[in-house]
Amino acid sequence: MDKHDLNVAIITGASSGIGEAFVKQVVKVHGIYGSLPFQEIWIIARRTEKLELLKSHIDDPRIVCISADLSDTEDIKMLEEKLEAETPKVGLLINCAGMGKRGNVIDKDAKSIEDTVTLNCTALSTLTRICLPYMIRENIVFSRFNGPRIINVASSAAFLPQPGFAVYSASKAYVVSFSRALDIELRPYHIAVTAVCPGPVATDFQVNATDGQSSEFTGFRKFIVADPDKLAAASIKASRMGRTMLVYGFMQKLLHVVSKIVPTYWIIAFEGYMARRKEKNEVKDLSND
């Protein structure tokens, strides 16, 4: 088949966690997004061996592994050149690559802050921009319910500033704002954009966010941890329906409502108070040892 007729899905952050779950869902997609099943599925992540392992487990010849660090402008350029060379018709773009580090800003090194903003905001926006020319279909009429799609994985952390997680929550607020504005911009082209906002998800995110100090969510969060496969399936469904936002989970929906009603300062001041109280208790416990 002529490469100009290819229908491609692109998934970033695909080597593990939510990204891996999306790959497992997308290989099962049939007859939606205005096309037959995707003829190629590009999975993108830094770790080549993890991508190849995932491909071998799924055993689908349509999967194309692309090793790229999206925080590196040279790798973004490489992806742009691949698009220019192959001129695919992109039916689905899932921006799932992201990172975050817990802790107060003063305790974080400048590199981790830069990397978080670069990956969560700049890379997501830039990759979206370079994919858009390959998503716009000329001489083909789509509706909002069967045209090309973009899924941007944000977080319920986007709803409020989070002391102790300030850079991450701010970066995810950017993703939500960017997605909602982009969805309006792309309506003339019948391209729907969905921002996905989960709470805690059962992935390695907590380990990475705490630099290995914690592998599990604590407090009330451990009771509301979402399954990544169910989250990915719900996200695909929301995207198919042309929804602009999916707030996943009852507690996250409640947080979304509360964030619109209760003054922001009251909430984050309470969060700060609880964090300081926790730190004092930890210091007290250490002094008693």
Inset, instruction - Check step by step if side-chain contact (heavy atoms from CB on, under 4.5 Å) holds for K82 and W42. - result: CA-CA 11 Å; K82 181 176 177 64; W42 296 4; 3.8 Å; yes

Inset, instruction - Using a cut-off of 6.0 Å, state whether more than 12 heavy atoms not belonging to K230 lie near its atom NZ. - result: no

Legend entry - Rounded distance [0.5 Å steps], CZ in R129 versus CG in L182: 11.0 Å

Legend entry - Identified side-chain contact (heavy atoms from CB on, under 4.5 Å) partner of L160 from the options T264, V262, V258: T264

Inset, instruction - Report yes if some heavy atom in the side chain of F22 is under 4.5 Å from a heavy atom in the side chain of S235; otherwise report no. - result: yes

Inset, instruction - Verify the distance criterion only: is there a donor paired with an acceptor across the side chains of R47 and S16 at less than 3.5 Å? - result: yes

Legend entry - Heavy-atom pair of closest approach, residues G19 and C96: N-SG, 3.4 Å

Legend entry - Salt-bridge present (R62, D60; N to O < 4.0 Å): yes

Legend entry - Closest non-hydrogen atom pair, P228 against G17: CB-O, 4.3 Å

Legend entry - Sub-4.5 Å side-chain heavy-atom contact between I136 and I191: yes

Inset, instruction - Check whether any side-chain N or O of K55 sits under 3.5 Å from a backbone N or O of I63 as a donor-acceptor pair, and report yes or no. - result: yes

Inset, instruction - Using a 4.5 Å cut-off on heavy atoms from C-beta on, say whether the side chain of K237 contacts that of R243. - result: no

Legend entry - Interatomic distance, I18 atom CD1 to I151 atom CD1 [nearest 0.5 angstrom]: 11.5 Å

Inset, instruction - Could you please spell out the steps behind the side-chain contact (heavy atoms from CB on, under 4.5 Å) verdict for V64 and I43? - result: CA-CA 6 Å; V64 177; I43 61 174; over 6 Å; no

Inset, instruction - Please round to the nearest 0.5 Å and tell me the distance separating atom CG of N95 and atom CG of N152. - result: 4.5 Å

Legend entry - Heavy-atom closest pair, residues C131 and L83: SG-CD1, 4.1 Å

Inset, instruction - Please examine the side chains of L93 and L132, heavy atoms only from C-beta on, and report whether any two atoms are closer than 4.5 Å. - result: no

Legend entry - Joint cluster assignment, F178 & V167, ILVMFWY side-chain distance < 4.5 Å: no

Legend entry - Single-linkage hydrophobic cluster, 4.5 Å side-chain cutoff, L53 and I44 together: no

Inset, instruction - Please check if L255 and W266 belong to a single hydrophobic cluster, counting links between Ile, Leu, Val, Met, Phe, Trp and Tyr side chain heavy atoms closer than 4.5 Å. - result: yes

Inset, instruction - Please answer whether the main-chain N or O of Q162 pairs with a side-chain N or O of S169 as donor and acceptor at a distance below 3.5 Å. - result: yes

Inset, instruction - To the nearest 0.5 angstrom, please state how far the CD atom of E81 sits from the NZ atom of K77. - result: 5.5 Å

Inset, instruction - Indicate yes or no for a side-chain donor-acceptor contact from K172 to the backbone of V153 under 3.5 Å, with no hydrogens or angles considered. - result: yes

Inset, instruction - For residues A154 and V176, report the shortest heavy-atom separation together with the two atoms involved. - result: CB-CG2, 3.7 Å

Legend entry - Rounded distance (nearest 0.5 Å) linking atom CD1 of I94 with atom OG1 of T12: 8.5 Å

Inset, instruction - Verify the distance criterion only: is there a donor paired with an acceptor across the side chains of Q252 and S156 at less than 3.5 Å? - result: yes

Identify all side-chain donor-acceptor contacts of residues 118-126 below 3.5 Å with residues at least two apart in sequence or on another chain.
from, atom 1, to, atom 2, distance (Å)
T118, OG1, E114, O, 2.8
N120, OD1, M99, N, 2.9
N120, ND2, M99, O, 2.8
N120, ND2, S171, OG, 3.0
S125, OG, C121, O, 2.8
S125, OG, Y174, OH, 2.7
T126, OG1, T122, O, 2.8

Legend entry - Main-chain N/O of G147 paired with R149 side-chain donor or acceptor, under 3.5 Å: yes

Inset, instruction - State the CE-CG distance between M245 and D183, to the nearest 0.5 angstrom. - result: 10.5 Å

Legend entry - Full working for side-chain contact (heavy atoms from CB on, under 4.5 Å) between K28 and I236: CA-CA 11 Å; K28 297 187 291 185; I236 294 289; over 6 Å; no

Legend entry - Member of R46, K50, E49, E52 meeting the side-chain contact (heavy atoms from CB on, under 4.5 Å) criterion with S15: K50

Inset, instruction - Indicate the atoms forming the closest heavy-atom contact of V225 with A202, along with that distance. - result: CG1-N, 3.4 Å

Inset, instruction - With the side chain counted from C-beta on, respond yes when F38 and V8 share a heavy-atom pair under 4.5 Å apart, and no when they do not. - result: no

Inset, instruction - Give the cluster check for L70 versus I113: same hydrophobic cluster or not, with ILVMFWY residues linked at side-chain heavy-atom distances below 4.5 Å. - result: no

Inset, instruction - Treating Ile, Leu, Val, Met, Phe, Trp and Tyr as nodes and any side-chain heavy-atom pair under 4.5 angstrom as an edge, say whether I10 and M78 lie in one connected cluster. - result: yes

Legend entry - Working for side-chain contact (heavy atoms from CB on, under 4.5 Å), residues Y248 and C197: CA-CA 6 Å; Y248 188 78; C197 299; over 6 Å; no

Legend entry - N/O donor-acceptor pair under 3.5 Å between D75 side chain and A68 backbone: no

Inset, instruction - Keeping the roles fixed (side chain from N104, backbone from I106), state whether a donor-acceptor pair exists under 3.5 Å. - result: no

Legend entry - Exam field: side chain K101 to backbone S112, donor-acceptor pair closer than 3.5 Å: no

Inset, instruction - Measure across K24 and L54 and return the closest heavy-atom pair with its distance rounded to 0.1 Å. - result: CE-CD1, 4.5 Å

